[in-house]
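Just so it is clear, the values below take in all heavy atoms, side chains as well, and ignore hydrogens, waters and symmetry mates. Naming convention: chains lettered A, B, ... in sequence-line order (proteins, then strands); numbering from 1 in each chain. Note that the structure is predicted; figures quoted are calculated from it, not measured.
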Amino acid sequence: MELHFNPGTVIEVALRQIAAMNNAFSEDFEPEVRPADPKFGDFQANGVLGFAKSKGANPRALAQQLLEAAQESGQFDPARVELSLAGPGFINFKCTPRYLWDWLNRYADASDFQTGAGKLQAGRKVVIDYPSANTAKQAHIGHLRPMVIGEAIARLLDFCGAETLRDNHIGDWGTNFGTLIMQIKREGIDLNQLVTDPLAQLDQLYKDGSALEKDAPEIRDQSRAELLKLQEGDPENTALWERIVDISKAAFETLYQQMGVRIDVTLGESFYRDKVERVYRELTEDGFAESSEGALVVWHDDVKKFARDNERPYPFNIRKKDGASNYASTDLATILYRVEHYKADEVVYLTDARQQDHFQQLFLTTQKWFAARKYPIPDTRHVWWGTILGKDKKPFKTKSGESIKLQALLDEACERAFTVVTEKNPELPESERRTIAESVGIGALKYADLSSNRTQDYVFDWDRMLSFEGNTAPYLLYAVARINSIFRKAELDPEAPLEGASLLETDTEFALARKLISLPSALNLTLNDLRPHVLCTYLYELAGAYSTFYNADKVMVDDPGTRTRRLLLCARTRTVLITGLKLLGIQPLERM
RNA sequence: GUGGGCGUAGCUCAGCUGGAUAGAGCAUCGGUUUUCUAAACCGACGGUCGGGGGUUCGAGUCCCUCCGCCCAUGCCA
């Protein structure tokens, strides 16, 4: 068996090939190789069971046949992997100590992992639409998930070889500008005079404005008129708008830096304002768009929910009845631009769960439109997530019921982490405790967001996320810090090559080694549905296997062979943990 | 009404798309340190997987049917 980054893939490819040449199987046989429970082996193939069922064959006999064919093929060197038949027809694969050891020596540092993982998405151009913040509003807790999940997914795709473009599709052209400009004019505000926290003041102006609109239709009309003037290029409104956007960008930049969010381009909705006409024209010409109640809409009769004869009409509204564009218009113009200008093979959108209908309609419309025009059709993916809940299981808010400001959340995370660090490690200088607290605090916040399945709501709990027990950032960071400490005391570079190690011996060493070689499986699985919690679970299990090993097997023993092999396990664990944490956007620490 | 998500241990969550005896952490109880960071480790306790039916060698996972919660549902994004 080849010494590949992902042994599971090698097994799968080999089995598929062997089955294809065997009379008892057919081309469509899927081996279904996956990591196994350690008590059975390292990998298992479950595919025979399903296959036997579909053919009405005896699964165990069939599995026996495949196993023998595999052994005869010469593709499974007994010195590297042991095959066995189990239960109703599972085939188990157990890597030999030799193989584990060779793998650990072959895949030694971050660049080895990068090379191995880099084949997964090689050559793909992926545009990632995030964090797509609003303009003229302060960032609040609702902006946490797009920043955290978006950054993690972007890093993951980068790591796996994709050529990514992080496109910050800001909402700088929405209806809210009508309201905001209306209110600015009403109050006679000079935007250049706003000094302290200008974004907060814009936020307030908007709130006041929309409060007024609530029970005054004439004010609502006024706002709509201001919006239309802006969209038609009125110089006064354009100048106001530019200033608002600048204020917003500057404020968000500070947050992006703290959050470790990296952006390649910021092309907001305004960028597409002269590109929506083409969308209207092409969709109308091709017969996809038509007028309905004064608006321009697209019906999708092939999907019940969006069909025109549905009991509750739910068209894709691409131009409002007042002639103004909306987010459907700009999203259509945007995807065209991403394909034509950036040659995107895939576009990944990151938003919360509530926008699923919109993206379903957007994707349907894009496919039909692009097919009709013979434009390249990109893969599209909507990566969505649930709500952050308080302990009462309702959306997490302040006691007075307002949304929590993101900056306040970050500050509290760092402050709480600082208290903990000071409690545990009072002898460290304050500046270092502050640095540690920032990594631990922000890291804990991010990890809490990433470690549960993103499609579900999760309960926000400071104490749990900052705990050193359980599936948390501090637990993982602590594991890294302990490894660093060993190398520091031994006066060794954890990234330097290690020579003269003896072969693995104890159960805890083996358990750790087996966990290490399952990194590629974890990456694969994470990438499948872009679910970072899969990677989190893996890292947590790895840190757990390390802690068990650390407690059971002393590293700095006298015997040089034993010492070196344990140091090697420490070094590998460290590299994998650091690599994983960085993929999640969490900064590892030398000590804590 | 329709569509989406969900219901797993007292609490917070996993469960790799139908696989082997349903797993972690917290909490509770008990144990481990002259040893590299005990911010750790080990063990015990804890489950009619919302209820009921079905499909099959096999169901937390798929189908049907109820119960309950969250979200979306024509011009905000």
Side-chain angles (χ1 to χ4, degrees), chain A residues 32 34-37 39-40 44 46 49-50 52-53 58-60 86-90 92 132 134 171 174-176 269 292-297 303-306 310-322 324 326-328 330-331 351-358 360 384 386-387 389 391 393-395 420-421 423-425 451-453 455-459 461 463-464 467-472 474-475 477-479 481-490 521-522 524-526 528-529 531 533-534 536-537 540-541 544 547-548 550-552 554-557 566 570 591-592:
Chain A
E32 291 179 35
R34 59 190 58 169
D37 186 316
K39 65 190 167 210
F40 300 125
Q44 58 177 309
N46 298 344
L49 290 152
K53 185 178 190 169
N58 179 332
R60 187 153 172 117
F90 300 107
N92 291 328
S132 313
N134 292 333
T175 314
N176 58 325
E269 291 168 347
S292 169
E293 297 176 19
L296 189 65
V297 307
V303 176
K304 203 194 295 173
K305 189 179 186 179
F306 306 130
N310 195 38
E311 49 187 310
R312 292 200 190 190
Y314 197 2
F316 193 41
N317 191 338
I318 65 169
R319 189 180 63 203
K320 298 196 280 183
K321 66 179 172 192
D322 63 5
N326 62 8
Y327 75 130
T330 48
D331 272 356
T351 80
D352 68 58
R354 293 173 301 185
Q355 296 183 43
Q356 288 175 93
D357 291 342
H358 168 73
Q360 207 185 334
W384 52 273
T387 311
L389 306 175
K391 282 186 179 168
K393 298 278 188 134
K394 292 189 177 140
V420 178
V421 173
E423 197 178 294
K424 306 290 185 190
N425 246 338
S451 59
S452 69
N453 194 338
T455 58
Q456 272 176 268
D457 298 346
Y458 77 91
V459 176
D461 183 340
D463 292 334
R464 190 154 34 86
S467 167
F468 287 76
E469 296 163 35
N471 190 7
T472 67
Y475 180 76
L477 291 168
Y478 178 58
R482 288 165 107 191
I483 298 172
N484 287 335
S485 175
I486 291 175
F487 283 94
R488 207 165 45 237
K489 290 222 162 138
S521 300
N524 252 333
L525 211 54
T526 307
N528 245 344
D529 295 318
R531 289 182 304 170
H533 84 280
V534 175
C536 293
T537 303
Y540 174 56
E541 287 169 359
S547 293
T548 303
Y550 176 92
N551 267 66
K554 187 171 163 60
V555 176
M556 296 309 287
V557 291
R566 289 183 181 166
C570 288
R591 60 177 176 173
M592 60 190 285

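- Taking the P atom of each, B:G5 and B:C63 are spaced 11 Å apart, rounded to whole Å.
- Under 4.0 angstrom from either OP1 or OP2 of B:A38 there lies at least one side-chain N or O belonging to A:Arg482.
- Residue contacts for A:Val555: at a heavy-atom cut-off of 4.0 Å it reaches a base atom on one of the strands shown.
- When heavy atoms are screened at a 4.0 angstrom cut-off, A:Arg464 is found touching the sugar-phosphate backbone but no base atom.
- Within the 4.0 angstrom heavy-atom criterion, no nucleotide atom of any strand lies near A:Ala52.
- Remark: the A:Lys53 side chain and the B:G18 base include a donor-acceptor N/O pair separated by less than 3.5 Å.
- Residues A:Tyr475 and A:Tyr540 bring their aromatic ring centres within 6.0 Å.
- Looking at heavy-atom distances under 4.0 Å, A:Asn425 makes contact with a base.
- Of the nucleotides present, none pairs with B:A38 by Watson-Crick or G-U wobble criteria with both distances under 3.5 Å.
- Across all strands, A:Tyr327 comes closer than 4.0 Å to base atoms (heavy-atom distances).
- A:His533 comes within 4.0 angstrom of the backbone, heavy atoms only, and of no base.
- At a threshold of 4.0 angstrom between heavy atoms, the contacts of A:Val297 include nucleobase atoms, whether or not backbone atoms are also involved.
- Residue-level contact check: A:Glu293 touches the bases, meaning some heavy atom is under 4.0 Å from a base atom.
- No contact: A:Gly544 has no heavy atom under 4.0 Å from any strand.
- Nucleic acid contact for A:Ser452: sugar-phosphate only, since backbone atoms but no base atoms lie under 4.0 Å from a heavy atom of the residue.
- If you check every strand for non-hydrogen atoms under 4.0 Å, A:Gln355 touches a base.
- Candidate nucleotides B:C75, B:A77, B:G19 were compared by shortest atom distance to the side chain of A:Phe90, and B:G19 ranks first.
- For A:Asn551, taking side-chain heavy atoms from C-beta onward, the closest of the listed nucleotides B:U12, B:A14, B:A40 is B:A40.
- Between A:Tyr550 and B:U35, a side-chain N or O to OP1/OP2 separation shorter than 4.0 Å is absent.
- The side chain of A:Thr537 places no N or O atom within less than 4.0 Å of a non-bridging phosphate oxygen (OP1 or OP2) of B:G15.
- Both thresholds, 5.5 Å between centres and 30° between ring planes, are met by A:Phe40 relative to the base of B:A20, so the two rings are stacked.
- Donor-acceptor pairing under 3.5 Å, judged by distance alone, is present between the side chain of A:Asn92 and the base of B:A20.
- At a threshold of 4.0 Å, the pair A:Asp457-A:Lys393 does not count as salt-bridged, since none of the basic side-chain nitrogens sits closer than that to a carboxylate oxygen.
- At the heavy-atom level, A:Lys554 lies under 4.0 Å from base atoms of the strands shown.
- Side chain A:Glu469 to base B:A39: no donor-acceptor pair is found below 3.5 Å.
- Side-chain N/O atoms of A:Gln456 include none lying less than 4.0 angstrom from OP1 or OP2 on B:C70.
- Comparing B:G74, B:U17, B:C36 by their closest approach to the side chain of A:Asp529 singles out B:U17.
- Between B:U17 and A:Arg34, a contact under 4.0 Å exists linking OP1 or OP2 to a side-chain N or O.
- Within the 4.0 angstrom heavy-atom criterion, base atoms lie near A:Ser292.
- Between A:Tyr478 and A:Phe468, the ring planes lie perpendicular to each other; the angle is over 60°, past the 30° to 60° tilted range.
- In this entry the base of B:U73 is anti relative to its sugar, with a glycosidic angle more than 90° from 0.
- Straight-line distance between the P atoms of B:U17 and B:C62: roughly 12 Å, to the nearest whole Å.
- Within the 4.0 angstrom heavy-atom criterion, base atoms lie near A:Gln44.
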